[in-house]
Structure formats: structure tokens, C-alpha cells
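Encoded as C-alpha cells, the structure appears first; notes follow it.
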Amino acid sequence: MSWMVNKRRKKLTVAIPSSFVSDIPHLREKTLRVGLLARAAAIYRVDEILIYAPSPETHREDAEFLRTILSYLETPQYLRRRIFPMSPKMQYVGILPPLRTPHHPVQKTDRAPQPAYREGIVVGSDGHLATVDIGMSRNVAVAVAGLRKGKRVTVKIDKTSQGERYSVVSKEEVPFYWGYDVSVSTRMLGETLRHRQKELVLMTSRYGKPICDVTQKLKEEIGRTSRIMVVFGSPQEGLTEILARERLQPQAFTEMVLNTIPNQGTETVRTEEAVCATLAILNVLEEK
């Protein structure tokens, strides 16, 4: 029997600055830190990782590096060579830890729950029929129009008396946790948040309210929303400093500015460590 896990009841976005690895000089260590972030996102079933610009001087290549490595890790292994041509910035992807999420199968579909789902990439299309590589011994034919070659799709596999039937479905139709999306905002944080509506925004800060003091209120806020965004600062700057460039404060966007690691035993907490600690707390609160 295959291991599968349900989706979160609330859509969860993690927002990080494009300067997430800017304090690390070597590409190998940069790559590994992004891998740790991806693992945390997968463990806690994050739906989206949003990369924002912490300052007007932010280099676009920093955001693109994060997008590339995060997207590479989220992609099933059997599709990576088709989607990601090797480049100098991907020199150390071999050290990245595997995610082992439900959409990274290690077994054949005949042993998977039915119906089964697999990620695929369109390798050919005649306008009415698409040929899709889903990492099996042969490509499969899907009756669907308008798919361009190279497009990544989610394929549903139904067992019928005539054999397997394949159809393209949206990611939202998959009943299991199916990985995270990666998006990049070219705007600074305040402007990014103004364009994101109907989300409960939670900000993390060493100077925020201790999580143990606001647990009940946070549970109530979570209960009233369908989408949560958790915002993290950079290794060099907290959210107060980042927002100050736009003459803003965290309280302009949320009452929930939280210290999720009260009485920390180290002088600083790395962003990837704060992500793990914060998501673990939210996971417990939502499940309760």
C-alpha cells in the first residue's frame, strides 16, 4: 500500500526574501540551504513558496536562483532532465535531499492507490491527442486539445475493463498533498502584500508577541480564514527593517506579529530554522 497524505484544509503560503542565501559565499552551501527550505515546505505541506524583493537593489538573479533550485527539487526525478538543462548555478543539485512527497513516486502505478496520479510532460501533440511522459516504461496518449510540447501536466490514471485510461487534471483535483508552487514577486514586500488579498498574514519576528501568549487568538484567526501566508525576514534583516524601506510597519498588514521561538538559546535564528519552528506550530494548531 502506498503512503499518501491529505492536503491541508487551509492553503498555506510561505514568503521569503530573495536575499535568503545572500550571506553565503559558496554555491554549494547556498544550494544546500535552499534544499533545507524545500524539505521544510514539503514536510509541512506548504502550497506555495513566494519569493519577494526585500529592497529596490535586490538582484533578479538571486530570486531566479531560488526559483530554479526550489522548482527543481519539487519536480519528480524522472522529469528533471527534460525541464532543467544543466547550468552553472545547478552545479551542486546532486547534494540536495529528496523530498519524497506523494508526487515523487518510487513504485509502479499497479501498486498505487486507485485512481493513481502522476506528473508528466507533454512530448508531442497533434491538436487533439497529446503524448505525455509520466516516467513509466512508455509514454501515454491523452485525449486533450491545446497542450503545447514541453508543458508539465498532472495525469490521472483510471483502471478500466479495457485497461488504463489517462486524463489531464488540475493539481487541485488531486486528493493528496501534491507539492508546492514557486512564485516570484518583483515588488517589495509591502507592495507584494497589497496585491495579495483574502489571506491571513502572519509575520515572524524576534520582537513579536510570544506565540504562547496568543495561541488562542491565533487559533481563532486560523479558523476564520481559508488561506494563510507566513512571512519571514532575511538572514541580515528582520521584517521591521525590510518594511521600513517602504515607510511601513508589520502592523499595517497584520495583528499577528509572532515570536515563534521565545527564549531562543542562540543570538540569531536562521530563516530556514524559523520556517521549521513556525510551520511545526501552525501544523499542530490547524490539526487541533
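Just so you know, residue 1 is the first one in the sequence shown, and it goes up from there. In this text, all values refer to a predicted model and were calculated from it rather than measured experimentally. All values below come from the heavy atoms of this structure, side chains included, with hydrogens, waters and symmetry mates left out.
- In this structure the side chain of Val269 never reaches within 4.5 angstrom of the side chain of Arg206, judged on heavy atoms.
- Rounded to the nearest 0.5 angstrom, Met4 CE and Thr101 OG1 are separated by 9.5 Å.
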Start with the C-alpha distance between Met136 and Tyr78, add both sets of side-chain angles, then the distance that settles side chain to side chain contact (heavy atoms under 4.5 Å, CB included), and finish with yes or no.
-> CA-CA 9 Å; Met136 304 297 287; Tyr78 58 85; over 6 Å; no
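- Contact of the Glu29 side chain with the Tyr92 side chain is not registered, since no non-hydrogen atoms from C-beta on lie closer than 4.5 Å.
- Residues forming a side chain to side chain donor-acceptor pair (under 3.5 Å) with Glu173 (at least two apart in sequence, or on another chain): Ser170.
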How far apart are the C-alpha atoms of Arg60 and Thr186, what are their side-chain angles, what is the distance that settles it, and do they pass the side chain to side chain contact (heavy atoms under 4.5 Å, CB included) test?
-> CA-CA 8 Å; Arg60 179 73 179 179; Thr186 57; 2.7 Å; yes
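- Atom-to-atom distance recorded for Lys159:NZ and Glu164:CD is 4.0 Å, nearest 0.5 angstrom.
- Formation of a donor-acceptor pair under 3.5 Å by the Lys209 side chain with backbone atoms of Val214 is not found in this model.
- Using modelled atom types, one side-chain atom of Glu246 and one backbone atom of Gly190 make a donor-acceptor pair closer than 3.5 Å.
- When all heavy atoms of Tyr52 and Gly233 are compared, the closest pair comes out as OH-CA, 3.9 Å.
- In this structure, the side chain of Glu199 does not engage the main chain of Val201 through any donor-acceptor pair within 3.5 Å.
- Both Val46 and Leu66 belong to a common hydrophobic cluster when Ile, Leu, Val, Met, Phe, Trp and Tyr are linked at side-chain heavy-atom distances under 4.5 angstrom.
- A distance of 8.5 Å separates CE in Met90 from CG in Leu96, rounded to the nearest 0.5 Å.
- A donor-acceptor pair under 3.5 Å is absent between the side-chain atoms of Thr31 and the main chain of Val93, judged by distance alone.
- Taken from CD1 in Ile222 to CD1 in Ile228, the straight-line distance is 4.5 Å, to the nearest 0.5 Å.
- Cluster annotation: Tyr72 is connected to Leu37 through the hydrophobic network of ILVMFWY side chains, with a link wherever side-chain heavy atoms come within less than 4.5 Å.
- Cation-pi geometry between Arg8 and Tyr177 is not met: the NZ or CZ atom fails to fall both under 6.0 Å from the ring centre and inside 45° of the normal.
- Annotation: side chain of Pro54 is not in contact with side chain of Ser234 (no heavy-atom distance under 4.5 Å).
- Contact of the Arg82 side chain with the Val123 side chain is registered, since non-hydrogen atoms from C-beta on lie closer than 4.5 Å.
- Atom CZ of Arg80 has more than 12 neighbouring heavy atoms from other residues, nucleotides or ligands inside a 6.0 Å radius.
- Put simply, the side chain of Ile211 reaches to within 4.5 Å of the side chain of Pro262, judged on heavy atoms.
- For Gln77, the CD atom is densely surrounded, since the number of other residues' heavy atoms within 6.0 Å is greater than 12.
- Between Gln249 atom CD and Thr240 atom OG1 the span is 7.5 Å, to the nearest 0.5 Å.
- Side-chain N or O atoms of Thr204 include one that pairs as donor or acceptor with a backbone N or O of Val231 at under 3.5 Å.
- No donor-acceptor distance shorter than 3.5 angstrom exists from the side chain of Arg33 to the backbone of Val21, with no hydrogens or angles considered.
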List the steps and the verdict of side chain to side chain contact (heavy atoms under 4.5 Å, CB included) for Arg148 and Val122.
-> CA-CA 7 Å; Arg148 57 175 174 79; Val122 178; over 6 Å; no
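- Leu258 is not listed as a side-chain neighbour of Ile281, based on a closest heavy-atom distance of 4.5 Å or more.
- In this structure, Thr278 contributes its side chain and Thr260 its backbone to no donor-acceptor pair below 3.5 Å.
- Between Ile51 and Phe20, every side-chain heavy-atom pair lies at or beyond the 4.5 Å cut-off.
- Within 6.0 Å of CZ on Arg224 lie more than 12 heavy atoms contributed by other residues, nucleotides or ligands.
- Relative orientation of the Tyr117 and Trp178 rings is perpendicular, given thresholds of 30° and 60° on the angle between their planes.
- Nearest approach of Gln236 to Ser22, heavy atoms of both residues: NE2-OG, 3.2 Å.
- Surrounding CG of Asn263 are at most 12 heavy atoms belonging to other residues, nucleotides or ligands under 6.0 Å away.
- Screening residues 34-50 for side chain to side chain donor-acceptor pair (under 3.5 Å), with sequence neighbours left out, gives Thr13-Glu48, Arg45-Asn283, Arg45-Glu287, Glu48-Ser183, Glu48-Arg196.
- Atoms CD1 and CG, from Ile69 and Leu32 in turn, are 11.0 Å apart once rounded to the nearest 0.5 Å.
- Between Glu64 and Lys89 no salt bridge is recorded (no basic side-chain N to carboxylate O distance below 4.0 Å).
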Residue pair Leu99, Tyr180: steps toward the side chain to side chain contact (heavy atoms under 4.5 Å, CB included) verdict | CA-CA 11 Å; Leu99 295 192; Tyr180 55 77; 4.0 Å; yes
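- Heavy atoms only, all atoms of each residue included: Val140 and Tyr166 are closest at CG1-CZ, 3.5 Å.
- Here Glu74 pairs with Arg152 in a salt bridge; the nearest charged N to carboxylate O distance falls below 4.0 Å.
- Around NZ of Lys151, the count of heavy atoms belonging to other residues, nucleotides or ligands within 6.0 Å does not exceed 12.
- For Arg9, the salt bridge (Lys or Arg N to Asp or Glu O under 4.0 Å) criterion is met by no residue, not counting sequence neighbours.
- Listed here is the closest heavy atom pair of Glu241 and Gly238: OE1-N, 3.0 Å.
- Counting heavy atoms from C-beta on, the side chains of Leu193 and Leu248 never come closer than 4.5 Å.
- In the hydrophobic clustering of ILVMFWY residues, with side-chain heavy atoms under 4.5 Å counting as a link, Phe65 and Leu73 come out together.
- With hydrophobic clusters built from ILVMFWY side chains whose heavy atoms lie under 4.5 angstrom apart, Val230 does not share a cluster with Leu50.
- Counted within 6.0 Å of CD on Glu255, heavy atoms from surrounding residues, nucleotides or ligands total 12 or fewer; the atom is thus considered open.
- Between Asp133 and Leu79 the shortest heavy-atom distance is O-CD2, 3.6 Å.
- Taking both residues in full, the closest heavy atoms of Pro76 and His103 are given as CG-O, 3.3 Å, listed atom of the first, atom of the second, then distance.
- Remark: the backbone N or O of Pro250 is not paired with any side-chain donor or acceptor of Thr254 at under 3.5 angstrom.
- Judged by distance alone, with hydrogens and angles left aside, the side-chain atoms of Lys30 form a donor-acceptor pair with the main-chain N or O of Ile24 at under 3.5 Å.
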